[in-house]
A.B. asks: 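Please read through the structure below; I'll follow up with questions.
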Amino acid sequence: MFSIEHEFDATIVTLVDEGTAPLGEDVVIHMFEDCVTIEQYDPRTDTVQKITLSNTQVQDLTAALDLPEGVYMLKRTAD
């Protein structure tokens, strides 16, 4: 299950783990104009862990989801 919310400066996607136990903590993705952050609560440390990806890294990740094992470099076009 997931939800999508549109805020003033970001789109927020929350991924909720479903199914049989053990379940993972929710993953919250904030998509800003210049970056994407991914947050997940860590019960071992009682903190929220955050990763920030540049838009280029997000493009690479998107491409990687559909490619076989290997090392790749995307050809970028000027916007």
A.B. asks: Distance only, no hydrogens: is a donor on one side chain within 3.5 Å (strictly under) of an acceptor on the other, for Gln49 and Thr47?
C.D. replies: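 Present: a donor and an acceptor within the cut-off.
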A.B. asks: What is the minimum heavy-atom distance between Thr37 and Phe32, and which atoms define it?
C.D. replies: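 Nearest pair, atom of Thr37 first, then Phe32: OG1-CE1, 4.0 Å.
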A.B. asks: Hey, quick one: are Ile12 and Leu53 part of the same hydrophobic cluster, counting side-chain heavy atoms closer than 4.5 Å, chains of contacts allowed?
C.D. replies: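 Shared cluster, no.
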A.B. asks: Side chain of Glu18, backbone of Met1: donor and acceptor closer than 3.5 Å?
C.D. replies: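 Present.
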A.B. asks: Hydrophobic clusters join Ile, Leu, Val, Met, Phe, Trp and Tyr when side-chain heavy atoms are under 4.5 Å apart, directly or via other members; which others share one with Tyr72?
C.D. replies: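 Members alongside Tyr72: Leu67.
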A.B. asks: Going only through I, L, V, M, F, W and Y residues with side-chain contacts under 4.5 Å, is there a path from Val13 to Ile51?
C.D. replies: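 Same cluster.
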A.B. asks: With distance as the sole test, does Glu25 use its side chain to make a donor-acceptor pair with the main-chain N or O of Pro43 at under 3.5 Å?
C.D. replies: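 Pair absent, no side-chain N/O of Glu25 close to backbone of Pro43.
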A.B. asks: Looking at Asp26 and Asp17, what are the two nearest heavy atoms and their distance?
C.D. replies: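 Minimum heavy-atom separation between Asp26 and Asp17: OD1-N, 4.4 Å.
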A.B. asks: Treat each ILVMFWY residue as a node, draw an edge where side-chain heavy atoms are under 4.5 Å apart, and state whether Val58 and Val27 are in one component.
C.D. replies: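 Linked within one cluster.
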A.B. asks: Can Val16 be reached from Ile38 by stepping across I, L, V, M, F, W or Y side chains whose heavy atoms are under 4.5 Å apart?
C.D. replies: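 Looking at the clustering, Val16 is in a separate group from Ile38.
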A.B. asks: Taking side chain to side chain contact (heavy atoms under 4.5 Å, CB included) as the test, write out the residues that go with Arg44, two or more places apart.
C.D. replies: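 Partners of Arg44 under the side chain to side chain contact (heavy atoms under 4.5 Å, CB included) test: Asp42.
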A.B. asks: Looking only at atom types and distance, does a side-chain atom of Asn55 sit under 3.5 Å from a main-chain N or O of Glu33, one as donor and one as acceptor?
C.D. replies: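 Yes, because the side chain of Asn55 sits within donor-acceptor range (under 3.5 Å) of the backbone of Glu33.
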A.B. asks: Are there over 12 heavy-atom neighbours, none belonging to Leu61, within less than 6.0 Å of that residue's CG?
C.D. replies: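 Enclosed.
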A.B. asks: Just wondering, more than 12 heavy atoms not from Phe2 lying within 6.0 Å of its CZ?
C.D. replies: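 Incorrect, the count does not exceed 12.
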